[in-house]
Q: 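Dropping a structure here in structure tokens format, bear with me for questions.
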Amino acid sequence: MTEAQPEYRLHDLPGEPDCPVCSGVGYLQQDFPVGHPEFGKLRICDCRQARMNRRAHSRLFAMSNLDELTHLTFENFKPHGRIGMGAIEAQSLEAAFESAQRFAHKMDGWLVLQGGYGCGKTHLAAAIANFVVELDIPTLFITVPDLLDSLRFSYDDPEATFEQRFDEIRNIPLLIMDDFGTQNATNWAQEKLFQIINYRYINKLPMVVTTNLLLADIEARILSRLSDSEYVRTLRILSPDYRRPSHDSSGPLENLHKFTFETFELRAAENLQASETQGLQKALKEAREFAEDPDGWLVLTGPFGCGKTHLAAAIANYQAEKGYHLPMFVVVPDLMDHLRATFGPRSTVSLDRRFEEVRKAPLLILDDLGTLNMTPWAREKLYQLFNYRYYAEMPTVITTPELKDEMDPRLLSRMKDTRLCTICAITVPSYRGTGGQGKRKKRR
């Protein structure tokens with residue numbers, strides 16, 4: 001006697017014919033002899049599996065919110081950046097653009113895009129997604145916090161179990177994880193992310209990751225997969241926040257690309273005292289060594305125009321050119337203005353986000369530090385910035401006219417900590433007014 005078929009049927013679209021194989025039931029009873037491991041088991045029919053796949057892809061597309069990102073394409077991306085951007089910044093942006101296009105066409109390996117807020121990495125990731133979706137390849141574009149939320153919510157989702165949702169994410173032909181590192185790093189979250197990344201790594205499934213973290217700041221197990229240079233291409237985008245107007249940029253190296261170690265002058269043509277020459281040489285030596293291996297803090301002191309800003313910018317340019325760090329160069333008074341501007345009604349960036357961007361910069365260069373005329377609010381924010389980087393021992397360069405006792409004692413105590421800080425005093429007079437070539441009258 002033939003075993004009865006299940007009493008439920010597929011909810012097909014109106015007018016859609018039943019499957020000729022399963023008659024629309026969705027399952028098949030296979031004829032195996034008694035004792036066979038598959039005896040009595042139902043197999044999902046291809047028609048039902050196809051519908052299940054379409055539903056899964058529809059869910060993933062809805063999770064991607066790509067309908068809201070269709071305007072982010074390769075065609076409207078500006079690979080050369082905006083007017084006034086430094087050469088190194090523009091080169092990093094163009095390299096990322098070209099790599100993103102190659103990845104979209106070949107979908108080979110993984111692509112990791114690093115950079116600060118607003119540098120263009122999300123635009124490029126969305127452009128990849130939009131290009132691939134046009135080829136009818138299922139794609140999931142999602143921020144990492146949203147991805148983790150979707151997994152949490154699946155426990156209460158009547159349409160998909162957690163296991164189904166997790167499997168869909170792991171196996172989607174192209175996975176794009178945006179804003180990696182902004183998630184709440186609970187043990188559960190770290191474990192799920194590792195499982196997804198490890199699965200795709202083992203099975204060689206293409207993936208794109210965007211992050212504002214350095215790879216060294218990523219959890220060790222995930223880092224080991226992202227560090228496979230034979231399978232993963234990592235690009236650092238050094239351009240400043242595109243959403244900021246040109247006059248409101250504290251991004252790295254803007255208008256400072258000419259300041260390099262090669263263009264720094266030791267002013268041999270000038271009649272400098274021996275101690276002044278030695279101080280200048282020492283500052284250049286310390287700056288070069290710091291640029292090679294940013295460790296601790298470097299404090300450059302001296303009068304205006306003595307060359308300390310040139311050396312600070314040269315460190316940033318060297319790091320950017322070598323691709324070691326994502327340097328951030330900010331003038332301290334401008335930084336305070338940027339922070340205050342976040343209170344304005346037209347600001348699209350919160351104070352917390354702007355402050356975090358600066359506070360956690362892998363390499364921070366603070367130019368023109370002086371606190372005598374600062375408001376209590378500005379002093380407090382500067383102290384919070386110093387304190388965080390001091391205890392985290394994050395690489396920092398500071399230029400200031402002098403380390404005076406009148407300076408905020410909390411800042412002064414940290415800059416005078418010889419365990420962490422190297423202080424270089426430049427005592428030469430200003431270059432300005434001589435063009436760097438003039439001679440000074442001999443001192444009597």
Side-chain angles (χ1 to χ4, degrees), residues 114-117 180-182 185 190 211-224 226-227 236 238 250-253 282-301 308-309 311-320 322-332 335-336 339 352-371 378-400 403 407-425:
Q114 292 176 272
Y117 295 111
F180 187 92
T182 60
Q190 290 283 32
T211 181
N212 61 6
L213 298 178
L214 285 177
L215 291 186
D217 296 328
I218 294 174
E219 195 265 340
R221 296 177 301 169
I222 296 175
L223 173 61
S224 69
L226 296 179
S227 299
R236 296 173 176 87
L238 302 174
S250 58
L253 316 184
K282 179 186 177 183
L284 176 59
K285 176 177 177 292
E286 293 288 353
R288 281 185 178 274
E289 291 179 355
F290 187 92
E292 288 285 353
D293 181 22
D295 185 27
W297 289 17
L298 177 64
V299 180
L300 301 171
T301 70
K308 58 186 185 295
T309 295
L311 290 176
I315 293 171
N317 282 317
Y318 182 88
Q319 280 284 305
K322 296 298 182 182
Y324 296 150
H325 283 73
L326 301 174
M328 175 173 286
F329 188 105
V330 294
V331 180
V332 174
L335 171 62
M336 294 299 112
L339 294 179
D352 290 341
R353 173 176 160 179
R354 181 67 57 83
F355 189 63
E356 282 296 290
E357 178 184 355
V358 178
R359 189 171 70 162
K360 294 185 177 180
L363 173 58
L364 177 63
I365 299 174
L366 294 170
D367 189 37
D368 196 17
L369 172 67
T371 61
R379 284 172 176 260
E380 190 60 30
K381 298 310 291 183
L382 199 56
Y383 167 68
Q384 291 173 5
L385 175 62
F386 267 59
N387 203 45
Y388 180 89
R389 298 187 69 84
Y390 176 79
Y391 284 110
E393 298 188 357
M394 298 182 71
T396 307
V397 178
I398 301 166
T399 76
T400 184
L403 296 181
M407 186 177 285
D408 188 324
R410 299 175 298 177
L411 308 187
L412 194 60
S413 66
R414 282 149 180 77
M415 288 188 287
K416 286 188 174 182
D417 183 353
T418 56
R419 177 190 62 85
L420 180 67
C421 303
T422 299
I423 300 175
C424 290

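No hydrogens, no waters, no symmetry mates; every other heavy atom, side chains included, goes into these values.
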Q: For the backbone of Tyr388 and the side chain of Arg359, can you confirm whether one donor and one acceptor N or O come within less than 3.5 Å of each other?
A: no
Q: Between Glu393 (side chain) and Leu420 (backbone), is there a donor-acceptor pair under 3.5 Å?
A: no
Q: Identify, with sequence neighbours excluded, every residue that meets side-chain hydrogen bond (donor to acceptor under 3.5 Å, both in side chains) alongside Lys285.
A: Glu289
Q: Please examine the side chains of Ile365 and Met328, heavy atoms only from C-beta on, and report whether any two atoms are closer than 4.5 Å.
A: no
Q: Can you name the residues that form a side-chain contact (heavy atoms from CB on, under 4.5 Å) with Asp295, not counting sequence neighbours?
A: none
Q: With sequence neighbours excluded, what pairs up with Leu412 under the side-chain contact (heavy atoms from CB on, under 4.5 Å) test?
A: Leu403, Asp405, Met407, Lys416
Q: Could you walk me through whether Leu311 and Leu300 satisfy the side-chain contact (heavy atoms from CB on, under 4.5 Å) test, starting with their C-alpha distance in whole Å, then the side-chain angles of each, then the deciding distance to 0.1 Å, before giving a yes or no?
A: CA-CA 9 Å; Leu311 290 176; Leu300 301 171; 4.0 Å; yes
Q: For Lys360, enumerate each residue passing the salt bridge (Lys or Arg N to Asp or Glu O under 4.0 Å) test, keeping only those at least two apart in sequence or located in another chain.
A: Glu356
Q: Quick check: do Tyr391 and Arg414 have side-chain heavy atoms less than 4.5 Å from each other?
A: yes
Q: Just jot down the salt bridge (Lys or Arg N to Asp or Glu O under 4.0 Å) partners of Arg288, sequence neighbours excluded, or say none.
A: none
Q: Name all residues meeting the side-chain contact (heavy atoms from CB on, under 4.5 Å) criterion together with Ser224; count only those two or more places apart in sequence or in a different chain, and write none if there are none.
A: none
Q: Under the side-chain contact (heavy atoms from CB on, under 4.5 Å) rule, collect the residues that match up with Asp368, sequence neighbours excluded.
A: Phe304, Val331, Pro333
Q: Heavy atoms only: give me the nearest Met415-Ile423 pair and the separation to one decimal.
A: O-CD1, 3.5 Å
Q: I'd like to check Tyr390 versus Leu411 (side-chain heavy atoms, cut-off strictly below 4.5 Å). Are they in contact?
A: no
Q: Could you tell me which residues satisfy side-chain hydrogen bond (donor to acceptor under 3.5 Å, both in side chains) with Arg221, sequence neighbours excluded, listed by chain and number?
A: Glu191, Glu219
Q: Can you check whether Gly370's main-chain N or O pairs, donor with acceptor, with Thr400's side chain at less than 3.5 Å?
A: no
Q: Would you say the side chain of Leu366 lies within less than 4.5 Å of the side chain of Phe329, judging by non-hydrogen atoms?
A: no
Q: Are Arg389 and Leu364 side-chain neighbours, meaning at least one heavy-atom pair lies under 4.5 Å?
A: yes
Q: Where is the tightest heavy-atom contact between Thr301 and Lys308, given as atom of each residue plus distance?
A: C-CD, 4.1 Å
Q: Show the nearest heavy-atom pair for residues Leu298 and Ala287, with the distance to one decimal.
A: CD2-CA, 4.0 Å
Q: Which heavy atom of Thr399 sits nearest to which heavy atom of Ala312, and what is that distance?
A: CG2-CB, 3.8 Å
Q: Once ring pair (Phe, Tyr, Trp, His ring centres under 6.0 Å) is applied, do any residues pair with Phe386, and if so which ones, sequence neighbours excluded?
A: Trp297
Q: For the pair Asn387 (side chain) and Tyr383 (backbone), establish whether a donor and an acceptor sit closer than 3.5 Å, ignoring hydrogens and angles.
A: no
Q: Going by heavy atoms in the side chains, are Arg410 and Glu380 under 4.5 Å from each other?
A: yes
Q: Under the side-chain hydrogen bond (donor to acceptor under 3.5 Å, both in side chains) test, which residues partner Thr309, sequence neighbours left out?
A: Asp367
Q: Side chains of Phe290 and Thr422, heavy atoms from C-beta outward: is any pair under 4.5 Å?
A: no
Q: Within the 4.5 Å heavy-atom criterion, are Pro294 and Gln319 side-chain neighbours or not?
A: yes
